[in-house]
Amino acid sequence: GKSITIIFANARLALADNGTDLSLNEGSVVNEQAAADLKERLGAFTEHMKCVIWDWGDRFTKPQEHLHEVHDYYKNVSETL
C-alpha cells in the first residue's frame with residue numbers, strides 16, 4: 001500500500017513574542033470564509049484573545065496554572081469585561 005496525508009487548514013496563525021501563544025492578529029493569514037465566520041461569531045473579541053489554540057503546552061499539561069494565567073490576562077483587558 002500507498003498512503004495519502006490530507007491537511008485542512010483555514011488559517012496560518014501569528015506566533016506571539018512569548019513563543020507559545022498563537023493569534024489571529026497581525027501576521028496571520030486567514031481563509032476569507034473563516035475570517036467572516038469568526039467576525040460574525042466573535043466580533044472584536046478576536047483582537048483581545050490571548051491565544052486561539054487551547055491544546056498546546058501548559059494549556060494541556062498544567063490546566064489549573066493555565067486557567068489562572070488566562071484569568072489574570074483577561075482581568076486586565078477592559079474590552080472583554
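Predicted model, so just to flag it, every value in this text is computed and none were measured.
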List the steps, then state whether side-chain contact (heavy atoms from CB on, under 4.5 Å) holds for Met49 with Tyr73. CA-CA 9 Å; Met49 292 177 73; Tyr73 174 81; over 6 Å; no
At what distance, to the nearest 0.5 angstrom, does [atom1] of [X] lie from [atom2] of [Y]?
X     : Y     : atom1 : atom2 : result
Glu69 : Cys51 : CD    : SG    : 9.5 Å
Lys50 : Thr20 : NZ    : OG1   : 6.5 Å
Asn10 : Leu38 : CG    : CG    : 7.5 Å
Thr46 : His48 : OG1   : NE2   : 8.0 Å
Ser28 : Leu15 : OG    : CG    : 12.0 Å
His71 : Asn76 : NE2   : CG    : 9.5 Å

Membership question, hydrophobic clusters at under 4.5 Å side-chain separation (ILVMFWY): are Val29 and Val52 in the same one?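 No, Val52 does not connect to Val29 through the hydrophobic network.
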Applying the 4.5 Å side-chain criterion to the ILVMFWY set and letting contacts propagate, would Leu67 and Ile53 be lumped into a single cluster?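 The answer is no; the residues belong to distinct hydrophobic clusters.
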Shortest non-hydrogen separation from Val30 to Ala35 and the atoms involved: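 Taking Val30 first and Ala35 second, the nearest heavy atoms are CG1-N, 3.6 Å.
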Closest non-hydrogen atom pair between Asn25 and Ala14, with its separation: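 Closest approach of Asn25 to Ala14: O-CB, 4.2 Å.
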